[in-house]
Amino acid sequence: MDKNNSTPFLELREVNKTFSLASGQVTALEHISLTIEKGELVALVGPSGSGKTTLLNIIGSLDRPSKGEVILEGIRIDMLSEEDLVHFRREKFSFIFQDAKPLRMLNVLENTLLPFNFFKPKNRNGNIKDEGIEIIKSLGLGHRIYHMPSQLSGGEIQRVAIARALITHPAMILADEPTANLDRDNRLFVIDTFRKLSKEKDIAVVFSTHDLEVANRADRIVHLKDGVFLKDEIISCNPCRV
Amino acid sequence: MKILRLALLELLRRPKKNLVIASSIVIAVALLTSLSIVSNSANLAIMEIIAKTGHTLTVRPAVTSAGTNPEEKNQEYKLTTSEVVLGSYIPEAAVPEIMKYYDKAIKEGWEKKGGLVSNPGIPETSLEPATWAPRLFEKAEVDGQEVIVTGIEIRKEYFVRFWWNLTSGDWPAETDVRDVNTNVSTLYTIGSDGKVTIDKTEYGVDSSGRLIAAQDKTGKAAPILKGWDDAYLGGAYAKAKGLKLGDKLTINKSEFTIRGVLEETNSADDYMVFIPLSTAQKLFNKEGQISMVSVRAMCPNCPVGDAMVELNKHVTGITAVSQLDVAGVQFDFFNMLYKFLLAVIVSTIAVGIFSIFNIVTGSLYARIREIGMLKAIGASRFQLFRIFIYEHFILGLAAGICGYVLGLGMAYILNTLLDTGAVIRITTDFLWRALILGIVCSLVAIIYPAYKLSKLKITETFRTQWEG
Ligand SMILES: Nc1ncnc2c1ncn2[C@@H]1O[C@H](COP(=O)(O)OP(=O)(O)O)[C@@H](O)[C@H]1O
Ligand SMILES: [Mg+2]
């Protein structure tokens, strides 16, 4: 952990999240305090219903905490308006979902560049298409650039999602169970890619999983149970090789 | 543009569902388009009849056996304006007198109505003298068959019968036939050089009964006078005989050249052969005589009825008829039918939109996770909303175009089924209306669900994903 840095990249302070349902209140998260630094690869581990998705959503500003603060680079993102958040997310975050279906009618490259249908890339000097192709190639999809999603395997589809996450140069990648539907080779590929990205591009990557083999390849494992921290474990074998 | 492209791709991605939605819209648009076209065409046709007959009075010789009862005389006989009267005549010289009565009656009737006071929109200058066109009907041998040949002053005739059109050929040039307002006894003048004046006496029938061309003053045979042997054919007659522009035609023993073929007007005119009045008078030995005069009133809302009554009262030997009410009755009938069908169609459309609404809502909710994904990668609410709107705009536009084309076809069928007798008339207005209707139907179905869905929070869309 980066102890010399006075402001952490991301900080959660005493975050609580409750959902009101017809049947009553559900507490999804309680007293969560957490800091995450750039370049860190963090795994959220816990049984189903332990609050992993809720925590990722709050970190990624997709949801607001019921109590507590979420601070990214010194900004209280839980206080931003929806409109500001749209711009903020475009700039800072990329999301990868468990069942990340690319758009069926676009090819791999177009899916990779999909975010730029909605906003312009910032601070680029190269051609954005070339960069997309570079990213796709770096993920081992060089032979799939112009293929349609229907022609891809599950592992390849998840790589398209990673490519799409990378094209925007995010400061942080949030991935909810990105390996859940993959076979072992692909699981390890995804996690090794995350690892490489966090180190080479100084991106903070937070992902949830219940797969310990995957989790063990992170820098850090945050264990959740019933919305509270069980433990925050720093992995020593870095990088771990099984 | 990028959003539009995404919308288009999304649209193509669900061909079946969109086809169902589109076809309901196509049907709605087609029904409304065909109904509007047919009713509009029928109304126009009827209004034309009203315009013709309502403002046109036919003056014919009084039939000696009938018409003694003045009550009967004043009735608006349901006769067509082109009804053929054979065997009785009005002296051509009487026409100016008849017209004097007519104009006087119109003016008085106009003033009685309040004239300018009750018709503030109509300037006094619009009360122009009526124009009139004489006809001479005679049975003759045309190419060996008995046909009704009608002598007309061609320019006057098509001025009065303003609904006349040629499918081929030309109307005679101005100087070819005696001019509208010249004295009735004047015959041809040659216009191009202005020198040759043709006198009646130089225009005759030769020993074999053939009408011969005029000669000029120098005694030399003039080139065949432009116009004297012109023939114009009713559309149905030309069609039946296979005659076309430039063909020759023998009437009794004289040869005529076809200068024009008339569009069919669903009247007796369609079966007639028309030649210049002066030629006909000479050919049939009826100089100075005509069978009838059609008078076209030159003001809107002219009191033609008043004129009719006045003429029948004051001018002996003639009967004036008008046919205003026939068309009026037809007009009301078609309007009722139209309103009834419109009600049926509109309620069908309402049901249709409701079912579209359900399909659209269903297919949108099936896209909920995709919506969440797009939002997560940076699509704003408005951008998402635009995707939906564009999709349905394109869908509605395409459906509108198809509906319009289908509606055109249906209009012809409906027109035949309803037997309106009208010619289908199509204006770009119908296209616009079809497109707007298609787009509106399509958008109405999407706007609310699109609004709701684009407003959904990303987390909500993904929870729906887990639960679904
Ligand atoms: N939008 C919501 N409305 C109501 N309850 C929710 C909502 N999101 C999460 N929860 C509840 O919060 C708890 C944590 O859920 P979640 O974060 O999805 O756990 P995990 O991702 O670890 O399976 C669960 O009890 C879940 O039912
Ligand atoms: Mg979860």
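Residue numbers begin at 1 in each chain, while the letters A, B, ... track the order of the sequences. Just so you know, these numbers come straight off a predicted model, no measurement behind them.
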Next item on the list: Between chain A and each of B:Lys457, B:Arg381, B:Met373, count heavy-atom pairs under 4.5 Å; write down the option with the most.
Entry: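 Ranked by heavy-atom pairs under 4.5 Å with chain A, first place is B:Met373.
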
Quick test of your reading of the model: are [X] and [Y] salt-bridged, counting only N-O distances below 4.0 Å?
{"X": "A:Arg159", "Y": "A:Glu156", "result": "no"}
{"X": "B:Lys239", "Y": "B:Glu264", "result": "yes"}
{"X": "B:Lys455", "Y": "B:Glu460", "result": "no"}

Margin query: So which residue, A:Leu62, A:Asn117, A:Asp63, A:Thr168, ends up with the most heavy-atom pairs under 4.5 Å with chain B?
Written below: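 Of A:Leu62, A:Asn117, A:Asp63, A:Thr168, A:Asn117 has the most heavy-atom pairs under 4.5 Å with chain B.
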
Check: Among A:Glu91, A:Arg104, A:Glu82, A:Arg89, which has the most heavy-atom pairs under 4.5 Å with chain B?
Finding: A:Arg104

Next item on the list: If the plane angle is over 60° it's perpendicular, under 30° parallel, otherwise tilted; pick one for A:Phe194 and A:Phe207.
Entry: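 Rings of A:Phe194 and A:Phe207: tilted, as their planes differ by 30° to 60°.
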
Check: Would you call the rings of A:Phe97 and A:Phe95 parallel, tilted or perpendicular, where under 30° means parallel and over 60° means perpendicular?
Finding: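 Rings of A:Phe97 and A:Phe95: parallel, under 30°.
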
Check: Side chain, backbone, both or neither: which part of A:Leu106 has a non-hydrogen atom closer than 4.5 Å to chain B?
Finding: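 For A:Leu106, the side chain is the part near chain B, not the backbone.
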
Margin query: Is A:Glu83 close to chain B through its backbone or its side chain, or both, or neither, when contacts mean heavy atoms under 4.5 Å?
Written below: neither

Check: B:Ile458 versus chain A, heavy atoms under 4.5 Å apart: side chain, backbone, both or neither?
Finding: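 Answer is side chain: those atoms of B:Ile458 sit under 4.5 Å from chain A.
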
Notebook entry, point to check: So what's closer than 4.5 Å to chain A heavy atoms on B:Leu8: side chain, backbone, both or neither?
Noted result: neither

Next item on the list: Could you verify whether a donor N or O on one side chain and an acceptor N or O on the other, from A:Ser208 and A:Asp176, lie under 3.5 Å apart?
Entry: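 Judged by distance alone, the side chains do pair up.
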
